[in-house]
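Taking it in order: structure first as structure tokens, then the write-up.
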Amino acid sequence: MELNDLQAQRQAKLERLRAAGLNPYPTSSARTHGIASALEQFDTLAADEAGLTLAGRIIGARRVMGKIAFAHIEDGTGSIQLWISRAEIGDELFARFRDDLDTFDIIEVEGVLRLTQKGERSIFVRAIRVLAKTINPPPEKWAGLSDVEERHRQRYLDLIVNSERREVFRARARAVSTMRRVLDERGFVEVETPVLQPIYGGAAARPFTTHHNQLGQGLYLRIATELYLKRLIVAGFPGVYEIGKDFRNEGVDRSHNPEFTMMECYQAYADYSDMMRLVEDLLREMSVAVTGSTLVPYQGHELDFGCDWARIPMAEAITERTGIDIASLTEIDALHSAIADAGIKVERKGTWGKQVDELFSEFVQPLLVQPTFIIDYPVEISPLAKRKPGQPAFTERFEAFVAGMELGNAFSELNDPFDQEQRFLDQLKAFDAGDDEAHQMDADYINALMYGLPPTGGLGLGIDRIAMLLTDQPTIREVILFPHMRQRE
RNA sequence: GGGCCGGUAGCUCAGUGGUAGAGCACCUGACUUUUAAUCAGAGGGUCGUGGGUUCGAUCCCCACCCGGCUCACCA
């Protein structure tokens, strides 16, 4: 291991500890209290002059004077000041604290709680022991670690130094546990389905590929859990859900990470309207659990998860923003002509469904700040959704939008095996025509449908994006502990 | 993938075609109530990587690597 000067100095201190017969990495701590609990009981413990042992990482500067020293330790529950008197602990231990310990070292102190003259709650130290000597020095005292790349690559250091960021991940955990609680209470069964799949499906995306050596089999990392979960509704579960990682081989930006966490749930004898109410309920409960309110600040907006979400048919939304009535322009050429006649600047797409999606993404989606359901998507871009009665070109599908971001996708699940087979065949044609995100044919899924899928409502929600909203973070990387980074030499 | 911006000490950042700078941190010394402790002193650099131009490149040119923003693509 090559060490720089600062690391070498710390290693030398470590060797001095060893030379003095001290183990710089002992097996356990004799801690009697967490710091937060010691502070809660401070008055009582201080009055009793009760001896206690605390442990933690030295944070901030050590303030060492000739015969007295101060420092703070932090243990994940809180932080407390150490008050170290040379007269109390003796010359040798005082010198060891001064000469062989550093900021970031993890130590254990025995002593009594006592207020300093300045009134700070402190532990008046009678003994010190090293629990883990650190080799790497801390970043700058005030600016801290601010380089975004380093914060993401060395998340552990980011979270040590910028300890308030730990709250973002605690909040994310509260959001997920709330989601689980709500789903569990409603009778959904949490299940786990394959990540390694011989056929991928359930979303429009390019997959990662991998390989099983012993079986000599090519495999995909799942892009969605959808088709396996619906097999379980066929199997007789009244409702199932899975919270797990999906993997999509696509670009990285402020709202996309190649691996991301998705919650998908399916409910027998329900439809997409039920899923809309479920989304409303989930986000309402999650926002309260995370922020204490249904009014959530996000990047200068105030999002309201307290009331019912707007429900706007996609065709209406597009007509309102562009003047183009996609419902009456059901051929690609007619749609292109209308776009040209209206003088609308938008990228030309090769198929009607993709063109509609493009109009929507360009002119409608960015405006959807408050929670909104866009409903009734074109069948062409919804190969797993049931057709809308009386409007066969559209489906009972919605996507949930907040702050211009798509949070989720849901539909009344297509359960007609013949229609489903035809949709897959259409997807294969699209794939052959160059749409590399088109679905594969999943014959086993068709076989499952042929045993009967009850009318089912299905929903997928992006957990990372919800975490962004509820913690007011501008990018998905700030709510992912270890976001994908290009490998560094 | 395109465009723009960036990479200099452990960290945060200045800077220049001619010996590489600051603050913090670190090290040495002083100091018995600090909390951005204070005071005095010292050390610390393949200036992202590789080429090129030049008497001389951290600086100019080219390529590449890594990142940020943005556009494209996408859930």
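Throughout, a chain's letter reflects where its sequence line sits, starting with A, and its residues are numbered from 1. This is a predicted model, so every value here is computed, not measured.
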Original post:
Please give, in whole Å, the distance from B/G10 P to A/Leu145 CG?
Top reply: 14 Å
Subject >> Salt-bridge present (A/Glu88, A/Arg126; N to O < 4.0 Å) >> reply: no
**OP:** Quick one: label A/Arg10 by what it contacts on the DNA or RNA (base, sugar-phosphate, nothing), any heavy atom closer than 4.0 Å.
**Re:** nothing
Original post:
In terms of side-chain heavy atoms of A/Arg254, which of B/C74, B/U32, B/C69 is nearest?
Top reply: B/C69
Subject >> Per A/Glu140 side chain, nearest of listed nucleotides B/C27, B/C11, B/C74 >> reply: B/C11
Original post:
Any chance the rings of A/Phe401 and A/Phe360 have centres within less than 6.0 Å?
Top reply: yes
Subject >> Under 4.0 Å protein heavy-atom contacts per nucleotide of nucleotides 35-45 of chain B, with B for base, S for backbone only and - for none >> reply: BBB------S-
Original post:
Any stems for RNA chain B, made of 3 or more Watson-Crick or G-U pairs in a row, each with both distances under 3.5 Å?
Top reply: B:1-7 with B:65-71, B:10-13 with B:21-24, B:27-30 with B:38-41, B:48-52 with B:60-64
**OP:** Measure the acute angle between the ring planes of A/Trp309 and A/Phe373, then classify it against the limits of 30° and 60° as parallel, tilted or perpendicular.
**Re:** parallel
**OP:** Any pair with a residue in residues 131-145 of chain A that passes salt bridge (Lys or Arg N to Asp or Glu O under 4.0 Å), sequence neighbours left out, goes on the list, sorted by first then second residue, please.
**Re:** A/Asp102-A/Lys133, A/Asp105-A/Lys133
**OP:** To the nearest Å, give me how far apart NZ (A/Lys13) and C1' (B/A25) are.
**Re:** 11 Å
Original post:
In whole Å, what separates the C1' atom of B/G48 from that of B/U38?
Top reply: 39 Å
**OP:** Look at all strands and tell whether A/Met485 reaches a base, only sugar-phosphate, or nothing, counting heavy atoms closer than 4.0 Å.
**Re:** sugar-phosphate
Original post:
So do the side chains of A/Asp442 and A/Phe424 get within less than 4.5 Å of each other, counting heavy atoms only?
Top reply: yes
Subject >> Sugar-phosphate, base or nothing in reach of A/Asn4, heavy atoms under 4.0 Å >> reply: sugar-phosphate
Original post:
Touch check for A/Asn257, heavy atoms < 4.0 angstrom, all strands: base, sugar-phosphate only, or nothing?
Top reply: base
Original post:
If you measure from the C1' atom in B/A22 to the same atom in B/G15, how many Å do you get, rounded?
Top reply: 10 Å
Original post:
Are A/Arg180 and A/Glu190 ion-paired here, with the side-chain N under 4.0 Å from a carboxylate O?
Top reply: yes
**OP:** Show your reasoning for whether salt bridge (Lys or Arg N to Asp or Glu O under 4.0 Å) applies to A/Arg206 and A/Glu250.
**Re:** CA-CA 7 Å; A/Arg206 279 145 53 194; A/Glu250 289 158 359; over 6 Å; no
Subject >> Six-ring centre of A/Phe169, A/Arg172 cation under 6.0 angstrom, axis tolerance 45° >> reply: no
**OP:** Can you tell me which residue pairs pass the salt bridge (Lys or Arg N to Asp or Glu O under 4.0 Å) test with a partner in residues 56-67 of chain A, sequence neighbours excluded?
**Re:** none
Original post:
If you pin A/Glu358 and A/Ser146 to their nearest nucleotides in RNA chain B, which one's is more 5'?
Top reply: A/Ser146
Subject >> Nearest-Å distance once atom P is located in both B/G41 and B/C55 >> reply: 44 Å
Original post:
Heavy atoms under 4.0 Å, any strand shown: does A/Lys354 hit a base, just sugar-phosphate, or nothing?
Top reply: nothing
Original post:
Taking the same atom, P, in B/G23 and in B/G17, what whole-Å distance lies between them?
Top reply: 24 Å
Subject >> Any A/Arg486 side-chain nitrogen or oxygen under 4.0 Å from OP1 or OP2 of B/G67 >> reply: yes
Original post:
Does A/Arg151 have a side-chain nitrogen or oxygen under 4.0 Å from the phosphate oxygens OP1 or OP2 of B/G67?
Top reply: no
Original post:
Should A/Arg86 and A/Glu92 count as an ion pair when the cut-off is N to O under 4.0 Å?
Top reply: no
Original post:
What does A/Arg465 touch in the nucleic acid at a heavy-atom separation under 4.0 angstrom: a base, only the sugar-phosphate, or nothing?
Top reply: base
Original post:
Separation of A/Asp158 atom CG from B/U12 atom P, in whole Å?
Top reply: 11 Å
Original post:
Considering only the P atoms, how many Å lie between B/C62 and B/G67, rounded to the nearest integer?
Top reply: 23 Å
**OP:** Find the distance A/Gln7:CD to B/A9:P and express it as a whole number of Å.
**Re:** 14 Å
Original post:
Does anything in residues 367-380 of chain A reach RNA chain B, meaning a heavy atom under 4.0 Å, and if so which residues?
Top reply: none
Original post:
Across the strands shown, which category fits A/Ala204 at heavy-atom distances under 4.0 angstrom: base, sugar-phosphate, nothing?
Top reply: sugar-phosphate
Original post:
Rounded to the Å, how far apart are A/Arg153 CZ and B/G48 P?
Top reply: 17 Å
Subject >> Separation between the P atoms of B/A14 and B/A42, rounded to whole Å >> reply: 27 Å
Original post:
Quick one: A/Lys67 NZ to B/G29 C1', roughly how many Å, whole number?
Top reply: 16 Å
**OP:** For A/Gly144, report the nucleic acid contact type (base, sugar-phosphate, nothing); a contact means any heavy atom under 4.0 Å.
**Re:** sugar-phosphate
Subject >> Nearest-angstrom distance, C1' atom, B/G44 to B/G3 >> reply: 39 Å
Subject >> Electrostatic pair A/Asp281-A/Arg284, nearest N-O below 4.0 angstrom >> reply: yes
Original post:
Would you call the rings of A/Phe208 and A/Phe247 parallel, tilted or perpendicular if under 30° counts as parallel and over 60° as perpendicular?
Top reply: perpendicular
Subject >> Qualifying ring pair (Phe, Tyr, Trp, His ring centres under 6.0 Å) pairs, either residue in residues 100-132 of chain A, two or more places apart >> reply: A/Trp83-A/Phe124
**OP:** Select base, sugar-phosphate, or nothing to describe what A/Arg477 touches, counting heavy atoms under 4.0 Å on all strands.
**Re:** sugar-phosphate
Subject >> Stepwise salt bridge (Lys or Arg N to Asp or Glu O under 4.0 Å) test for A/Asp100 and A/Arg10 >> reply: CA-CA 8 Å; A/Asp100 297 343; A/Arg10 285 172 171 238; over 6 Å; no
Original post:
With a 4.0 Å cut-off on heavy atoms, is A/Asp147 in touch with a base, just the backbone sugar-phosphate, or nothing at all?
Top reply: sugar-phosphate
Original post:
Roughly how many Å is it from CG in A/Asp253 to P in B/G68, rounded to a whole number?
Top reply: 11 Å
**OP:** Pick the C1' atom in B/G18 and in B/C59, then give their distance to the nearest Å.
**Re:** 12 Å
**OP:** Could you check how far CZ of A/Phe70 sits from C1' of B/C31, rounded to whole Å?
**Re:** 13 Å
Subject >> side chain to side chain contact (heavy atoms under 4.5 Å, CB included), paired with A/Glu478, selected from A/Met468, A/Arg254, A/Arg165 >> reply: A/Arg165
Original post:
Taking for each residue the nucleotide of RNA chain B bearing the nearest heavy atom, is the 5' side occupied by A/Gly462 or by A/Pro137?
Top reply: A/Pro137
